[in-house]
Amino acid sequence: MEKYSGFGLLKHALSYHENWQRAWRNPTPKKKYDVVIVGGGGHGLATAYYLAKEHHITNIAVVEKGYLGGGNTARNTTIVRSNYLWDESSHLYEHAMKLWEGLSQDLNYNVMFSQRGVLNLGHTLQDMRDIQRRVSANRLNGIDSEVLDTQQVADIVPIMDCSPNTRYPVLGASWQPRAGVARHDAVAWGYARAADQLGVDLIQQCEVVDILTEDGAAVGVETRQHGTIKADRIGCVVAGNSSVLAKMAGFNLPLESHPLQALVSEPIKPILDTVVMSNHVHGYVSQSDKGDLVIGAGIDGYNGYGQRGSYGTIEHTIQAIVELFPIFSRVRMNRQWGGIVDTCPDACPIISDTPVENLFFNCGWGTGGFKATPGSGHVFAATLAKGEAHELARPFSMFRFHDGALIDEHGAAGVAH
Amino acid sequence: MFSIYCPYCEEHREEEEFHAKGQAHIARPRDPESCSDKEWGEYLYFRDNPRGLHHELWVHAAGCRKFFNITRDTQNYEIKETYKIEAEPRITATQAQ
Ligand SMILES: Cc1cc2nc3c(=O)[nH]c(=O)nc-3n(C[C@H](O)[C@H](O)[C@H](O)COP(=O)(O)OP(=O)(O)OC[C@H]3O[C@@H](n4cnc5c(N)ncnc54)[C@H](O)[C@@H]3O)c2cc1C
Ligand SMILES: [Zn+2]
């Protein structure tokens, strides 16, 4: 595989960029693999990459029903941060953050990780107390995190209405300078290319319709397009479709699948150089490198697999955004879409073994798993390789919903992000 | 945007008046004290979450404030029926197959 570099760019310019190699192969599946990963989103592809790179298991297939990264990976608003409240989750997200910081080099693929900082606004006294608490917890965990007052917020985002006259005045914010955004597609493509290079078979247009078991252990998957594919171990990383896959194997998960929507405006000149999120009025916005405002809405309350939600949900979000940024009131919106997010009762993921032997699930990331992509793949790879949970994954077992050891991150994850 | 028929108001109203409350017909264990942790956990947290027909609890929050049930397809969002809280669904997944 050819290495991407500035020199390569120059060289290919001479042949009008017509001779670039394909980024990955398009193999026909083998009869059997050591590990089959179901779901070719960012998390599944990252899992395959780290399995091959760090655990030297290369006889792997990633089986994807659509195209790589076409699920929530391609539909999210790309906010990356690690300022979660509890030790378990902040360790996991910070693990991901450290991997983000070297990811473009590691993958030899520009994932456009931009540490432009994230503000989580507070609009009430209680918001500010919660922010104080969360920031203090972050600092104890070695995560960069600060409490800002109204003036400091106004200095960072001069176009935001920070006056006391708004319905929900900005009283301050938490600020994580190392947080930011990344290019979602590039993350999927970068992991795909790097995994393919290590010998992983990426099999697109291949839907898993059944999980085959023998004596309570998973032995393979039945696919619509390529029949049976056997595997010693199976990792399901299918986000909103996790309950469907679990049902194939005969158990339920503590998940509900909901539509989550986002929208982007027409491209405008650079005006917002950081990320602004607000739990209280429920909206979040950043500006992409192309110039469009990227705005995320909340989940729709009903269960849905339709990759679309109700119009009223977007309307509420836009009301909040326009209240915060009156200057955006006449910006025209370009596109709007939905993903299916797998929400978990404690707003934390599930990285876990299951009632079926050799079958593992990585799911429940709900509205906020993009930021965790490298860390999630990294710890899930270790979990699949050893057959037991990686240290950072251990608290996230699905069985915590039996023994009650929940990790309540509704405060830090309150706004869909 | 859904137009939802409230079986108590006996009228179609806009979705904005309602809140979805998740899976319907979840029976509270008769004797919680005698449940194992697993049984209690499954009651509290584990859900069917089907891709297809779903019986779900809704509340007419900005209307009569009563709880009722909807049978809805979670793929195309089509509402098949709405029925009162104590009633059984007439349309079920096994029938549909
Ligand atoms: C609108 C929106 C905004 C968001 N904003 C943010 C944000 O700002 N920050 C953040 O951190 N997170 C955000 N998220 C959440 C984030 O997108 C997800 O948590 C994350 O991308 C999940 O990645 P994944 O690889 O697990 O899932 P996906 O990318 O959804 O991949 C799962 C894959 O499994 C495949 N699949 C499903 N069923 C089968 C089957 N039977 N057989 C084979 N393949 C199957 C799907 O086709 C899909 O490609 C947002 C999500 C949405 C929808
Ligand atoms: Zn009513």
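In what follows, every chain begins at residue 1, and chains take the letters A, B, ... in the order their sequences are listed. FYI, side chains are in, hydrogens and waters are out, and symmetry mates aren't considered; it's all heavy atoms of this structure.
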State, without any angle test, whether Glu256(A) and Thr343(A) hold a side-chain donor-acceptor pair at a distance under 3.5 Å. no
Ranking Gly306(A), Gly301(A), Gly312(A) by heavy-atom pairs under 4.5 Å to chain B gives rank one to Gly306(A)
Answer key: most heavy-atom pairs under 4.5 Å with chain B among Arg308(A), Met398(A), Gln307(A) is Arg308(A)
Any idea which of [options] has the most non-hydrogen atom pairs under 4.5 angstrom with chain A?
options	answer
Glu42(B), Lys38(B), His19(B)	Lys38(B)
Leu44(B), Asp48(B), Ile70(B), Asn76(B)	Asp48(B)
Arg47(B), Lys21(B), Arg51(B)	Arg51(B)
Ser36(B), Gly22(B), Gly41(B)	Gly41(B)

Need one label for Gln23(B): side chain, backbone, both or neither, based on atoms under 4.5 Å from any heavy atom in chain A. backbone
Per-residue contact mode, Asp73(B) against chain A (heavy atom under 4.5 angstrom): neither
Given heavy-atom pairs under 4.5 angstrom as the criterion, report whether the side chain, backbone, both or neither of [X] touches chain B.
X	value
Arg400(A)	neither
His258(A)	neither
Asn241(A)	side chain
Asp346(A)	neither

What's the verdict on side-chain hydrogen bond (donor to acceptor under 3.5 Å, both in side chains) for Gln261(A) and Asp300(A), showing C-alpha distance, side-chain angles and the deciding distance? CA-CA 8 Å; Gln261(A) 305 180 76; Asp300(A) 281 87; 3.1 Å; yes
For residues Ser257(A) and Ile340(A), report the shortest heavy-atom separation together with the two atoms involved. CB-CG2, 3.7 Å
Test Arg72(B) against every option in Ile4(B), Leu53(B), Ile79(B) by the side chain to side chain contact (heavy atoms under 4.5 Å, CB included) rule and name the one that passes. Ile79(B)
Examine Tyr77(B) together with Tyr302(A) and report whether their ring centres are nearer than 6.0 Å. yes
Would you call the rings of Phe360(A) and Phe380(A) parallel, tilted or perpendicular if under 30° counts as parallel and over 60° as perpendicular? perpendicular
Just say parallel, tilted or perpendicular for the rings of His25(B) and Tyr83(B), cut-offs at 30° and 60°. parallel
Tell me whether the count of non-hydrogen atoms from other residues, nucleotides or ligands lying under 6.0 Å of CD in Gln319(A) goes above 12. yes
